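Reading through the structure tokens given below for one structure.
Just so it is clear: chains get the letters A, B, ... in the order the sequence lines come, proteins before strands, and each one is counted from 1. Because the structure is predicted, anything quoted here is derived from the model rather than measured.
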Protein chains: 2
Amino acid sequence: MVQEERNIAADVLKAMAHPVRLGVIEVLADGERTVTELYEELNCSQSMMSQQLKILCQQKLISIRKDGTQKYCSLSNRDFLKLFDCMHLHLRKFLNFKD
Amino acid sequence: MVQEERNIAADVLKAMAHPVRLGVIEVLADGERTVTELYEELNCSQSMMSQQLKILCQQKLISIRKDGTQKYCSLSNRDFLKLFDCMHLHLRKFLNFKD
DNA sequence: TAACAAGATAGTTATATCCGTATTTTCAGG
DNA sequence: CCTGAAAATACGGATATAACTATCTTGTTA
């Protein structure tokens, strides 16, 4: 990676580096959701969710389609789901996270 | 992932989400380096590097062994190197990064 | 033990993130 | 056109990151 790529990659990682945003990615792995479904499922406010979705969208981690008054969110790059496997192992092996 | 796991996972991702720290991981993929080698290779100050290494170390992304007056850094979890492949594709496919 | 080299830490200023409340926009139905 | 539901935006205060300069600590060697 060259300098400029690392800058952008850092931004993408920053976009993922938040509990709610990680939650969104995890939920969307299971399939499309509306904004309301997301903030209810992840137990946060509408405003909060809207802000977090914007960040994920900017980095093209999710995409959004409109249908009437609702918006449906889905993962645009399922490749990053690999990260959850790595992370799962890392939590247990290196940060001795207990189940 | 449960709430608490997401919190910690977010911290790990935050630790990676920085150009210099990504650079460190990339360089260390090639093998052990001293702190001096790292900051020379990545073209930043000694102080800067020391602070960034501390963050990587806290999340157990790297480990450090001491030898006299020098410290040798190495990756403690090569699993995360997968992330660079994902990222490479993401930059090109979704963020239309040019070579 | 003095001097040096490698690295860590302190202190600081600028900037960014987080997240709450309040308000606004957008659109479908009546 | 009015209402209500879904979602976005504005704004602000607290907190966290970033990154620089200067100083301190530690271990080696003469």
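Nearest nucleotide to the side chain of B/S50, out of C/dA8, D/dC20, D/dA8: C/dA8. In the set C/dG20, D/dT9, D/dA18, the nucleotide with an atom closest to the side chain of A/S45 is C/dG20.
The phosphate of C/dC19 (OP1 or OP2) has no side-chain N or O of A/R21 nearer than 4.0 angstrom. Residue B/T69 has no polar side-chain atom (N or O) positioned under 4.0 Å from OP1 or OP2 of D/dG27. One finds a side-chain N or O of B/K66 lying less than 4.0 angstrom from the OP1 or OP2 phosphate oxygen of D/dG27. A close approach under 4.0 Å does occur between a side-chain nitrogen or oxygen of A/K71 and OP1 or OP2 of D/dA8.
One interatomic measurement links the two molecules: NZ of A/K14 to P of C/dT15, which rounds to 15 Å at whole-angstrom precision. Note: CD (B/Q70) to C1' (C/dG7) measures 10 Å, nearest angstrom. If you measure from atom CG of B/L22 to atom P of D/dT17, you get 16 Å, rounded to the nearest angstrom. In this entry the distance linking CG of A/D11 with P of D/dA18 reads 11 Å, nearest Å. The interatomic distance linking B/M48 (CE) with C/dA10 (P) rounds to 18 Å, in whole Å. Atom CG in B/L56 sits about 11 Å away from atom P in D/dA18, given to the nearest Å. One can place CD of B/Q58 at 12 Å from P of C/dA8, the figure rounded to the nearest angstrom. Rounding to whole angstrom units, NZ of residue B/K54 and P of D/dT25 are separated by 15 Å.
A donor-acceptor contact under 3.5 Å links the side chain of A/Q51 to the base of C/dG20. Checked by distance alone, B/S47 brings a side-chain donor or acceptor within 3.5 Å of a matching partner on the base of C/dT9.
Side chains of A/T36 and A/E40: no donor on one and acceptor on the other come within 3.5 Å.
How far CG of B/L61 is from SG of B/C73: 12.5 Å, rounded to the nearest 0.5 Å. Taking CD of B/Q59 as the start and CE of B/M16 as the end, the distance is 9.0 Å to the nearest 0.5 Å. The distance from atom OG of B/S50 to atom CG of B/L38, rounded to the nearest 0.5 Å, is 11.0 Å.
Each end of the helix from C/dT1-D/dA30 to C/dG30-D/dC1 gets its own rotation axis from five pairs of C1' atoms, and the angle between them is 20° to the nearest 10 degrees.
Side-chain atoms of B/R6 come within 3.5 Å of backbone N or O of B/M1 as a donor-acceptor pair. Of the possible polar contacts, none joining the A/K66 side chain to the A/I64 backbone as a donor-acceptor pair under 3.5 Å is found.
A/Q46 comes within contact range of at least one nucleobase, with a heavy-atom separation under 4.0 Å. Among the atoms of the strands shown, only primed sugar atoms or phosphate atoms (P, OP1, OP2) are found under 4.0 Å from some heavy atom of A/T36.
Residue A/I55 is the one, among A/D67 and A/I55, whose nearest nucleotide of DNA chain C lies closer to the 5' end (criterion: closest heavy atom).
Clustering ILVMFWY residues whenever any of their side-chain heavy atoms sit less than 4.5 angstrom apart, transitively, puts A/L95 in a cluster other than the one holding A/L89.
Geometrically, A/R92 does not engage A/F97 in a cation-pi contact, judged by NZ or CZ lying under 6.0 Å from the ring centre and within 45° of the ring axis.
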